[in-house]
Each structure stands twice: as C-alpha cells, then as structure tokens.
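A quick write-up on the structure given underneath.
Given the structure is predicted, the values throughout are model-derived calculations rather than measurements.
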Amino acid sequence: MNCKLFIIAGEDSGDLHGSNLIEALNKKIHFLKTRGVGGDKLASKGMELIAHVRDINFMGFWEIIKNIGTIRRLFKKVHEDIAAFEPDAVVLIDYPGFNLRLAKQLHKKGIKIFYYISPQVWAWKKGRVKSIQRFVDKMYVILPFEKSFYADEGVEVEFVGHPLLDVVPRRAPRSNAENTIALLPGSRKQEIGRMLPEMLKLVDRFPGYRFIVAGAPSQQASFYDTFIQDSPAELWMNRTYELLEQADYACVTSGTATLETALFGVPQVVVYKGSRISYEIGKRLVQVPYISLVNLIMEKSVVEELIQGEFHVDNLESALRKLMDPQELSRMEEDYKSLREVLGSEGASFRTASHILKELSDSA
C-alpha cells in the first residue's frame with residue numbers, strides 16, 4: 001500500500017507523537033510520503049517541513065492576537081500546500097485553534113481528516129465539539145475519559161492508549177541519589193520567560209543540590225543563557241528524558257511534561273503562569289478542577305499545582321520540601337503506579353497507524 005499524508009503538529013509534544021506515528025506507519029506499508037508542519041523529530045522521520053514549530057508555537061489569548069499575522073500567513077500557506085500535495089488524508093495533532101479552522105476548510109473540499117491527540121475541548125470551548133463532529137472523520141484519543149466524552153457527542157472516536165507509554169521507560173530504582181532537581185520551564189518562549197526566572201530562585205534555597213534546566217528542542221541554547229547567566233544551574237538541551245532518568249525531584253510547567261515526569265516516577269511540583277489578560281479570560285472559560293494532566297487523569301490531587309499568583313519561590317520551596325518527606329514520596333509513588341494502569345497498554349502509535357490505514361483502505 002502507498003500512502004501520502006499531510007501532518008500538522010504545532011507543538012513539541014505533537015512533533016514527538018507525530019514522529020512515532022510515522023515510524024509505525026513505515027513498518028506497516030511499503031511507501032509513505034509525508035509533508036506538513038512540525039519539528040526536528042518529524043523531519044528526522046522523513047517528513048518535509050513547510051513550517052517549523054519554533055516559528056508558530058504561540059500560547060495564550062494575548063500572544064495569539066499579537067502574532068495573528070504570522071498565523072494567517074501560515075494558514076494560507078498550509079491550505080495551498082495541501083491542495084498541491086493532494087494527500088490521501090490530513091492528520092491533525094492537537095494545536096486546536098489552527099487545526100479546527102483548517103479542518104472546516106478541508107472538509108468542504110472532501111479531504112479525509114484524522115485527528116490524533118485531542119484538543120482539550122472537554123476543559124474549555126466545548127462548542128468546538130460540534131466542529132469536530134462535523135468536520136473530522138475520526139478522532140484517535142489518548143486519555144481514557146475522552147472516548148465516552150466524544151462518543152456522547154456523536155463523534156467517531158477510538159481510544160488508542162497514551163503514546164508516552166511507548167517512549168517513557170520504567171525507571172529503575174535509584175541507588176545513588178545526587179540530590180538533583182530538574183527544572184522544566186516549558187517549550188514556548190513566552191512560558192519559559194515567565195517560569196524559568198522564578199524557578200532559578202530556588203538554587204540559593206537548596207545548597208548542595210544540583211539544578212538542571214531542560215532545554216526544549218524548538219529553542220536555542222542562547223535563549224536560556226539570558227536567564228541562567230551566572231547561576232550554577234546547568235542547561236541540558238534536548239535531553240529531557242535523560243534528565244528525568246537522573247532527577248530526584250522536578251519543578252514542571254503544566255503540559256505534557258507533567259505526565260512524562262510522572263511516568264518516569266519523579267516527584268514533582270506543577271506550575272503555571274500566563275499573561276494577566278490570558279489568565280483572566282482563561283479562568284472564566286476553563287471548566288476542570290486541575291490544570292496538570294496527572295491530576296486530571298487521576299481525578300484527584302496527585303501533584304501540587306501552583307498557578308498564577310501562587311507561583312512564587314516561597315511556595316515553590318515549600319512544595320519541594322514537602323516532596324522530600326518519605327511518607328509523601330511513598331504516596332506519590334503509589335499514585336504514579338496507578339496512573340500507568342489507567343493510561344492503558346503500550347502500542348498507541350501502532351494502533352493509530354493501523355486504524356488510519358484501515359480507514360484509507362475501506363474508503364479506497
């Protein structure tokens with residue numbers, strides 16, 4: 001079977017999951033040609049990039065408004081490129097503001113649309129579910145509660161399990177702790193600029209601890225250097241998993257990284273701070289009790305969350321010291337084990353690849 005897919009991943013996590021999907025597809029068919037929007041990981045699997053995530057990864061209402069011109073130019077470029085490429089299907093990965101608008105336009109042209117990694121419409125903007133129901137041929141979801149949510153809305157949906165289970169190994173018990181604290185400030189410039197300076201204030205409060213900053217693949221080392229400067233904190237670029245293999249504790253910006261950290265078994269504090277305008281708008285729209293994926297999936301407070309005004313070095317220090325209590329460590333370890341069980345079994349990328357190929361074969 002030959003296959004041409006246009007893939008759109010506007011964030012680092014989507015770049016990771018998309019690259020694993022391509023790898024799975026390549027093991028199932030003789031010829032696969034891919035083109036689209038992504039990052040270094042998708043490019044490493046042979047996808048031709050027409051735009052890189054580092055140039056389009058904006059977050060928050062205000063940030064999107066400021067960069068609306070860039071987004072509109074990308075939308076036009078993607079639309080024209082899809083028409084010229086003539087793919088068998090378009091695979092959308094998260095990135096909802098852009099991807100759902102595009103799905104509407106592509107649906108009019110009769111192009112088959114698959115959505116892998118659901119946007120968090122169950123948390124806010126639930127009206128977007130109607131757009132998904134009308135314009136997306138099939139949803140492939142990775143969180144267990146998402147299947148019933150979409151099915152109840154009349155959306156064609158398959159639960160494929162979480163792809164991180166395929167890429168995050170079970171960490172062996174550590175016998176030689178080095179008192180290492182990992183700082184994961186996010187992947188976008190805006191969030192790094194808000195999170196990292198406050199995280200770095202911890203260094204003076206934990207003498208004898210080694211602090212390591214996880215540099216995102218979509219950013220340059222020089223960008224982090226402007227914040228780290230003379231701090232003894234180290235910077236590890238594009239080595240997040242290696243860091244989590246070694247870390248004793250972590251301070252993590254809300255996002256996919258919270259789930260990755262939990263799957264590595266690292267005790268963590270989750271933080272988030274957006275622009276004031278974005279936060280004020282967001283808190284009126286968000287309809288879930290937690291912001292971290294760990295707490296949302298487990299439906300309880302497994303990890304402490306420090307949001308907006310609560311995110312400052314005093315609270316951060318207190319939360320980290322709480323994690324160092326043996327009883328708290330034991331409790332979190334048990335919750336992390338339960339989390340793996342809730343997420344399902346390994347093989348999400350292969351299941352998704354099989355579903356996509358079957359859909360294309362049935363419609364041929």
Side-chain angles (χ1 to χ4, degrees), residues 5-23 34-82 85 87 90-103 114-120 142 163-164 167 184-196 213-224 235-241 252-260 274 278 293 349:
L5 296 176
F6 197 97
I7 300 174
I8 303 174
E11 300 169 318
D12 285 339
S13 59
D15 182 45
L16 169 65
H17 300 321
S19 68
N20 289 326
L21 176 61
I22 287 180
E23 184 175 343
T34 55
R35 187 171 171 84
V37 178
D40 293 343
K41 289 183 172 62
L42 275 164
S44 73
K45 300 299 181 182
M47 188 171 99
E48 298 178 35
L49 298 184
I50 68 165
H52 197 286
V53 293
R54 75 169 67 94
D55 302 318
I56 60 169
N57 199 350
F58 309 116
M59 68 175 297
F61 302 97
W62 180 239
E63 289 77 11
I64 290 173
I65 290 171
K66 287 194 299 183
N67 292 281
I68 194 67
T70 299
I71 296 170
R72 283 174 174 167
R73 286 189 292 273
L74 175 64
F75 189 88
K76 184 174 184 291
K77 183 177 183 180
V78 167
H79 200 274
E80 292 173 350
D81 208 275
I82 290 173
F85 185 55
V90 173
V91 179
L92 309 175
I93 304 179
D94 202 356
Y95 202 45
F98 186 94
N99 277 340
L100 286 177
R101 182 183 168 208
L102 182 67
F114 302 125
Y115 215 126
Y116 180 43
I117 318 294
S118 167
Q120 295 179 357
I142 63 174
L164 284 180
V167 295
L184 281 66
S187 60
R188 305 174 181 91
K189 284 188 175 180
Q190 297 98 327
E191 62 187 358
I192 295 167
R194 291 195 183 96
M195 310 301 169
L196 188 53
V213 178
S218 58
Q219 304 299 337
Q220 301 296 319
S222 58
F223 177 67
Y224 294 92
L235 172 65
W236 286 14
M237 289 301 300
N238 201 16
R239 295 167 63 191
T240 300
Y241 283 10
V252 187
T253 296
S254 180
T256 303
T258 64
L259 189 54
E260 292 171 314
S278 295
L293 283 172
S349 300

Can you tell me how far [atom2] of [Y] sits from [atom1] of [X], rounded to the nearest 0.5 angstrom?
X	Y	atom1	atom2	value
Ile82	Arg35	CD1	CZ	10.5 Å
Leu235	Gln219	CG	CD	11.5 Å
Asp81	His79	CG	NE2	11.5 Å

Paired with Lys41, the side chain to side chain contact (heavy atoms under 4.5 Å, CB included) test is passed by just one of Asp12, Asn238, Asn20, namely Asn238
Between Ile93 and the options Ile8, Leu16, Leu42, Ile7, the side chain to side chain contact (heavy atoms under 4.5 Å, CB included) test singles out Ile7
Closest approach of Val53 and Gly10, non-hydrogen atoms and distance?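 For Val53 and Gly10, the tightest heavy-atom pair comes out as CG1-C, 3.6 Å.
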Minimum-distance pair of heavy atoms, taken over all atoms of Pro185 and Leu196: CB-CB, 4.0 Å
Is any side-chain heavy atom of [Y] closer than 4.5 Å to one of [X]?
X	Y	value
Ser187	Thr256	no
Tyr95	Val37	no
Ile142	Tyr116	yes
Leu100	Tyr115	yes

Restricting to ring pair (Phe, Tyr, Trp, His ring centres under 6.0 Å), what partner residues turn up for Phe85, sequence neighbours left out? none
Excluding sequence neighbours, so at least two apart, what forms side chain to side chain contact (heavy atoms under 4.5 Å, CB included) with Lys45?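 Per chain and number, Lys45 pairs via side chain to side chain contact (heavy atoms under 4.5 Å, CB included) with Ser19, Ile22, Glu23.
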For the CD atom on Gln220, are there more than 12 heavy atoms of other groups (residues, nucleotides or ligands in this structure) within a distance under 6.0 Å?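 No.
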With distance as the sole test, does Tyr241 use its side chain to make a donor-acceptor pair with the main-chain N or O of Glu260 at under 3.5 Å? no
I'd like to know if the side chain of Thr253 and the backbone of Leu184 have a donor-acceptor N/O pair within less than 3.5 Å. yes
Asp94: partners by salt bridge (charged side-chain N to carboxylate O under 4.0 Å, His left out), with sequence neighbours left out: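 In terms of salt bridge (charged side-chain N to carboxylate O under 4.0 Å, His left out), with neighbours along the sequence ignored, Asp94 is linked to no residue.
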